[in-house]
Amino acid sequence: MQDKRRIERMFSRMRLYEARNVIFSFGQNLIWRRYLIREVEGRLLDVATGEGNVLKLYRSGMGVGVDIAEGMLKRAPKGLLLVRGDAENLPIRSSSFDTVSIAFGLRNVPDKVAALREFNRVLRSGGKVLILDMKIGDRMASWFALPYVALVMPLLTPLFGGDIGDYLYLFRSILNFPGYDEMKGLFEKNGFRMEKAYYFHVGSTYLFVGRKVSGL
Ligand SMILES: C[S@@+](CC[C@H](N)C(=O)[O-])C[C@H]1O[C@@H](n2cnc3c(N)ncnc32)[C@H](O)[C@@H]1O
């Protein structure tokens with residue numbers, strides 16, 4: 001299912017996207033995105049922006065959103081600057097942003113190294129990268145988060161008209177997402193330094209803060 005077309009279709013047809021996030025995360029997703037926004041510096045490129053939930057929290061006119069799924073972009077509020085595109089091949093000029101963010105998006109991108117290389121390319125020297133995502137199995141979250149994401153979420157999904165297959169995909173992507181050490185290594189190999197990491201919800205969700213230290 002790590003097929004981009006299928007991922008794009010899955011998100012485009014997803015109904016009540018943000019309502020599900022709020023319910024499944026007990027409203028915590030709204031707080032996590034605010035932590036991300038506090039880390040943003042200057043002009044922001046929000047990759048995998050979806051319905052623009054990160055972008056709309058930032059200063060108007062200072063951010064651009066990119067997403068692969070037309071259906072998600074169509075549901076974003078009017079007035080946001082949005083472009084359709086792939087994180088692995090961004091339709092963005094080199095060195096044109098101060099911060100790149102990606103919230104709950106990188107785990108859906110098949111080639112994470114290609115995406116990190118693109119983030120490096122579009123960032124100015126010294127720019128910041130912010131990666132917010134869910135991860136199970138790295139810290140103490142496993143005892144609660146594993147059964148919750150593996151069983152409770154798929155069982156509740158049909159209530160929102162969702163497809164259980166989509167949630168099984170989601171579960172796998174959360175399990176496979178890089179933890180702190182792996183992400184630090186990925187940062188270092190792709191021209192970033194790990195500056196800080198936040199752990200939310202007993203470690204089930206991370207915000208990695210990286211700084212561009214060299215071009216590629
Ligand atoms: C869980 S949503 C997150 C949306 C938004 N960042 C938020 O916080 O609500 C994941 C988003 O990643 C997008 N996506 C998946 N693969 C992508 C890719 N290769 N390039 C760009 N966007 C992608 C999906 O279309 C979807 O909108």
Side-chain angles (χ1 to χ4, degrees), residues 1-25 27-40 44-58 63-77 80-92 97 99-119 121-122 129-136 149 153 157 160 162-163 166-177 198 200-201 204-208:
M1 170 97 196
Q2 279 283 53
D3 163 65
K4 278 192 219 167
R5 277 249 172 75
R6 232 180 129 186
I7 292 170
E8 182 189 341
R9 276 203 305 271
M10 176 179 92
F11 282 106
S12 281
R13 67 168 188 242
M14 202 174 268
R15 287 192 293 139
L16 301 171
Y17 162 75
E18 182 61 353
R20 290 185 206 200
N21 291 339
V22 171
I23 291 168
F24 288 144
S25 75
Q28 295 296 300
N29 64 323
L30 305 172
I31 297 168
W32 301 333
R33 288 200 198 99
R34 289 199 178 272
Y35 273 91
L36 181 153
I37 289 294
R38 290 217 303 247
E39 289 287 345
V40 176
L44 169 68
L45 179 70
D46 184 44
V47 181
T49 197
E51 300 175 351
N53 290 319
V54 166
L55 212 53
K56 69 187 183 196
L57 298 175
Y58 196 50
V64 174
V66 176
D67 199 282
I68 203 167
E70 180 115 48
M72 288 293 274
L73 293 174
K74 276 191 186 147
R75 295 193 292 266
L80 297 181
L81 286 170
L82 302 171
V83 187
R84 188 160 181 216
D86 184 347
E88 293 174 15
N89 186 17
L90 290 169
I92 301 289
F97 283 88
T99 303
V100 170
S101 62
I102 182 162
F104 313 111
L106 192 59
R107 69 166 186 264
N108 299 296
V109 178
D111 189 346
K112 292 173 186 36
V113 169
L116 285 171
R117 292 180 70 87
E118 278 294 85
F119 300 167
R121 181 184 65 76
V122 302
V129 63
L130 305 172
I131 298 176
L132 176 63
D133 224 313
M134 294 173 79
K135 167 72 187 167
I136 294 174
V149 179
M153 280 170 62
T157 294
F160 301 93
D163 180 329
D166 291 350
Y167 264 96
L168 293 178
Y169 156 74
L170 180 81
F171 172 60
R172 277 200 304 274
S173 71
I174 292 173
L175 266 188
N176 295 335
F177 194 71
Y198 295 80
F200 304 118
H201 228 31
S204 62
T205 300
Y206 293 174
L207 171 60
F208 296 118

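Numbering of ligands and ligand atoms starts at 1, following listing order.
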Less than 4.5 Å apart, any side-chain heavy atom of Val40 and any of Ser101? no
Using the salt bridge (charged side-chain N to carboxylate O under 4.0 Å, His left out) criterion, which residues pair with Glu39? Sequence neighbours excluded. Lys128, Lys196
Tell me, do Leu82 and Leu55 make a side-chain contact under 4.5 Å, heavy atoms counted? yes
State which residues pass side-chain hydrogen bond (donor to acceptor under 3.5 Å, both in side chains) with Thr99; sequence neighbours excluded, sorted by chain then number. none
Applying a heavy-atom distance cut-off of 4.0 Å, which protein residues contact ligand 1? Ile7, Phe11, Tyr17, Arg33, Ala48, Thr49, Gly50, Asn53, Asp67, Ile68, Ala69, Met72, Gly85, Asp86, Ala87, Ala103, Phe104, Asn108, Val109
Has Arg75 got a side-chain atom pairing as donor or acceptor with Ser12's backbone, closer than 3.5 angstrom? yes
Among all residues two or more places apart in sequence or in another chain, which pass the side-chain contact (heavy atoms from CB on, under 4.5 Å) test with Asp111? Glu88, Val113, Ala114
